[in-house]
Amino acid sequence: MPDPARLRDSTQIVLHRDALDGIRCELEHNFMLTIVSASGECDEWLRLIGSPVEIKNASRFLGRHGVSLP
């Protein structure tokens, strides 16, 4: 049985909201992702959720736009 933490890491990215300034529309247009608030009461963090392939490609896109991933 796969490790749940590993599956979660391959299907989501958690970023500070400011990291997507200026590129969020392009990100949403080019990739099949769901973008939601990562915490209940504070909207500072976003969770990008998608298939492992989409997350991998979105990670590359973010890297090309200077977004460092945790």
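Note that the numbering runs from 1 along the sequence shown for the chain. Just so it is clear, the model here is predicted, and its values are computed rather than measured. We use all heavy atoms of the structure for the numbers below, so side chains are in, but hydrogens, waters and symmetry mates are not.
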Task: Side-chain donor/acceptor of H65 to backbone N/O of V67, under 3.5 Å - done: no
TODO: Mind checking the CZ-CZ spacing from F31 to R60? Nearest 0.5 Å is all I need.
DONE: 9.5 Å
Task: Taking every non-hydrogen atom, the tightest pair across V14 and R47 - done: CG2-NH1, 3.7 Å
Open item on the list: Using 0.5 Å steps for rounding, measure from the OG atom of S37 to the CD atom of E44.
Closed with: 9.5 Å
Open item on the list: Apply side-chain contact (heavy atoms from CB on, under 4.5 Å) to residues L15 and L62 and explain how you reach the verdict.
Closed with: CA-CA 11 Å; L15 295 170; L62 291 168; 3.8 Å; yes
- [ ] Identify the heavy atoms of L27 and A58 that sit nearest to each other, and give their distance.
- [x] CD1-CB, 4.2 Å
Open item on the list: Strictly distance-based, threshold 3.5 Å: is any side-chain N or O of E54 a donor or acceptor partner for the main-chain N or O of M32?
Closed with: yes
- [ ] State the NE2-CH2 distance between H16 and W45, to the nearest 0.5 angstrom.
- [x] 5.5 Å
Open item on the list: Testing the basics here: between L20 and L48, what is the closest heavy-atom pair and its distance to 0.1 Å?
Closed with: CD1-CD1, 4.3 Å
- [ ] Among L33, L69, L46, find the one that has a side chain to side chain contact (heavy atoms under 4.5 Å, CB included) with I13.
- [x] L69
TODO: Work out which heavy atom in A19 is nearest to a heavy atom in I23; give both atom names and the distance.
DONE: O-CD1, 4.0 Å
